[in-house]
Chemist: 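I am attaching a structure below and will ask some questions about it afterwards.
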There are 2 protein chains.
Amino acid sequence: MFELDLRSRKPIYEQLVEKLKQLIINDVLKQDEKLPSVRTLAQQLSINPNTIQKAYRELETKGYIYSVKGKGSFVNHMLITDNSAELKKVKEQIKKQMSEALFLGVTIKELQVLITEANELVAGGETNDPSSEREKEI
Amino acid sequence: MFELDLRSRKPIYEQLVEKLKQLIINDVLKQDEKLPSVRTLAQQLSINPNTIQKAYRELETKGYIYSVKGKGSFVNHMLITDNSAELKKVKEQIKKQMSEALFLGVTIKELQVLITEANELVAGGETNDPSSEREKEI
DNA sequence: TAACTGTATCAATATATTTAGTACAGTTAT
DNA sequence: ATAACTGTACTAAATATATTGATACAGTTA
């Protein structure tokens with residue numbers, strides 16, 4: 001399903017969370033799509049099931065998936081969680097990274113291009129939710 | 001000088017690197033400004049000098065500071081290091097975070113505002129280097 | 001019932017981080 | 001020259017975190 005860097009400084013379960021989050025955000029994994037079970041994915045990746053479970057639990061806590069005992073774990077695009085705090089953190093982090101990029105020589109135009117590219121990634125997964133007012137173009 | 005979260009999941013030396021990088025990027029710490037010595041900073045923060053040294057070493061490797069034996073460690077705004085790889089990584093990371101932000105409901109306009117805000121942070125530290133073509137305004 | 005699912009818990013192991021202590025070399029000011 | 005600073009290096013021990021391995025229990029599906 002995806003590759004992991006077992007020697008990375010970054011914990012395996014965190015890599016898993018990040019990759020799955022990206023797949024969900026970019027609508028590669030669709031709403032209610034079933035994720036591989038903790039045991040089969042563990043076997044595929046040659047790691048311990050507990051590590052998968054840890055990643056799934058974190059994803060569920062953050063609202064990206066939901067799990068049902070006996071059935072499996074499924075994608076959840078509708079984040080009805082209390083975003084405000086998380087949202088502020090994400091924006092703050094983006095600002096930091098942007099200032100670093102500018103410092104390193106990236107131009108403002110390049111950053112603007114990144115916005116359109118990011119938007120194209122998520123645009124495909126537009127929901128039917130009328131409360132979603134995300135612009136489709138700049 | 002700054003606060004650390006000793007209980008954070010993130011290692012102390014990494015927190016130090018991040019904070020100092022931000023201070024340098026945002027021109028709070030000026031070119032050639034002397035940083036506190038590893039021992040005094042360790043005492044101020046009530047942590048081991050080795051931890052400070054590890055942070056300083058990483059900052060020097062990445063070009064943000066330079067250290068002189070017997071004298072001290074100093075801010076280095078002129079990054080003449082081979083950026084290209086690091087630059088690509090930063091841009092990739094920003095794109096990921098942007099798509100996540102969009103997914104969480106942040107609008108494109110808000111992201112554009114973040115660019116201007118980030119630019120204002122670094123704008124104060126504009127160099128005399130004529131090769132720097134960073135826009136001052138959008 | 002059998003074979004799946006998620007979930008929980010515990011101990012053992014591996015790895016990473018931090019501390020502690022010591023030492024050496026260069027700088028600065030007295 | 002000496003004392004008091006600087007950075008740097010190294011080793012050992014302690015601590016924290018991540019991962020594995022094993023086992024168990026509960027719900028689902030056929």
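Letters go in sequence order (proteins before strands), and every chain restarts at 1.
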Chemist: Looking at C:dG6, which nucleotide sits across from it as a Watson-Crick or G-U wobble partner, both distances under 3.5 angstrom, or is there none?
Modeler: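 Its partner is D:dC25 (Watson-Crick or G-U wobble, both distances under 3.5 Å).
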Chemist: Output the single nucleotide from C:dA8, C:dT28, C:dT18 whose closest atom is nearest the side chain of B:K71.
Modeler: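 Per side-chain heavy atoms of B:K71, the pick is C:dT28.
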Chemist: Does the plane of the ring in B:H77 sit parallel, tilted or perpendicular to the ring in A:F103? Use 30° and 60° as the thresholds.
Modeler: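 Rings of B:H77 and A:F103: perpendicular, over 60°.
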Chemist: Tell me if a side-chain donor or acceptor on A:N76 pairs with a main-chain N or O of A:G63 at a distance below 3.5 Å.
Modeler: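 Side chain of A:N76 to backbone of A:G63, a donor-acceptor pair under 3.5 Å: yes, one is there.
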Chemist: Starting at CD1 of A:I52 and ending at P of C:dG6, how long is that distance when rounded to a whole Å?
Modeler: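 One finds 10 Å between P of C:dG6 and CD1 of A:I52, rounded.
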Chemist: Quick check on B:K21: does its NZ atom have over 12 non-hydrogen neighbours (other residues, nucleotides or ligands) under 6.0 Å away?
Modeler: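 Enclosed.
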Chemist: Relative to the 5' end of DNA chain C, which residue comes earlier, A:G72 or A:N50, by the nucleotide with the nearest heavy atom?
Modeler: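 That would be A:G72.
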Chemist: Rounded to whole Å, please give me the gap between CD1 in B:I12 and C1' in D:dT15.
Modeler: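 Roughly 11 Å, once rounded to whole Å.
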Chemist: Output the rounded distance in Å from NZ (A:K69) to C1' (C:dG6).
Modeler: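 Going from A:K69 (NZ) to C:dG6 (C1'), I get 7 Å.
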Chemist: Can you check whether A:T51 has a side-chain N or O nearer than 4.0 Å to OP1 or OP2 of D:dT20?
Modeler: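 A:T51 to D:dT20 OP1/OP2: side-chain N or O found under 4.0 Å.
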Chemist: Within the 4.0 Å heavy-atom criterion, would you say B:T40 contacts the bases, only the backbone, or no part of the nucleic acid?
Modeler: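 B:T40: backbone/sugar contact only, no base atoms under 4.0 Å.
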Chemist: In terms of side-chain heavy atoms of A:P11, which of C:dT27, C:dT17, D:dA18 is nearest?
Modeler: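 Looking only at heavy atoms from C-beta outward on A:P11, the closest nucleotide is D:dA18.
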Chemist: Separation of A:L41 atom CG from D:dT20 atom P, in whole Å?
Modeler: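 That distance rounds to 12 Å.
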Chemist: Taking the minimum atom-to-atom distance to the side chain of A:S67, which one of C:dG6, D:dG7, C:dT28 wins?
Modeler: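 When the side chain of A:S67 is considered, C:dG6 is the closest of C:dG6, D:dG7, C:dT28.
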Chemist: Respond yes when some side-chain nitrogen or oxygen of B:Y13 is under 4.0 Å from OP1 or OP2 of C:dT17, and no when none is.
Modeler: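 For C:dT17, OP1 or OP2 has a side-chain N or O of B:Y13 closer than 4.0 Å.
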Chemist: Please tell me if A:R7 has a side-chain N or O lying less than 4.0 Å from either OP1 or OP2 of C:dT15.
Modeler: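 No, A:R7 has no side-chain N/O under 4.0 Å of OP1/OP2 on C:dT15.
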Chemist: For the pair made of NZ in A:K10 and P in C:dA16, what is the distance, rounded to whole Å?
Modeler: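 The distance from NZ of A:K10 to P of C:dA16 comes to 15 Å, rounded to the nearest Å.
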Chemist: Between atom CG in A:L59 and atom C1' in C:dT7, what is the gap in whole Å?
Modeler: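 Nearest whole value for this atom pair: 16 Å.
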Chemist: Go through C:dA20, C:dT18, D:dT8 for me and flag the one nearest to the B:E60 side chain.
Modeler: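 The nucleotide sitting nearest to the side chain is D:dT8.
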Chemist: Over how many whole Å does the gap from A:R9 atom CZ to D:dT17 atom P extend?
Modeler: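 It works out to 15 Å between those atoms.
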Chemist: Just checking B:K71: does its NZ atom have more than 12 heavy atoms from other residues, nucleotides or ligands closer to it than 6.0 angstrom?
Modeler: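 Incorrect, the count does not exceed 12.
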Chemist: Out of B:E110, B:E117, B:E100, which one pairs with A:K91 under the salt bridge (charged side-chain N to carboxylate O under 4.0 Å, His left out) rule?
Modeler: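 For A:K91, the salt bridge (charged side-chain N to carboxylate O under 4.0 Å, His left out) test succeeds with only one of B:E110, B:E117, B:E100, which is B:E110.
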Chemist: Hunt down the Watson-Crick or G-U wobble partner of D:dT2, both distances under 3.5 Å, from any strand shown, or write none.
Modeler: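 Result: C:dA29.
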Chemist: Take the protein atom CZ of A:R39 and the nucleotide atom C1' of D:dT20, then report the distance between them rounded to whole Å.
Modeler: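 Between C1' of D:dT20 and CZ of A:R39: 15 Å.
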Chemist: Return the 5'-most residue of the pair B:K54, A:K34 with respect to DNA chain C, ranking by each residue's nearest nucleotide.
Modeler: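 Residue closer to the 5' terminus by nearest nucleotide: A:K34.
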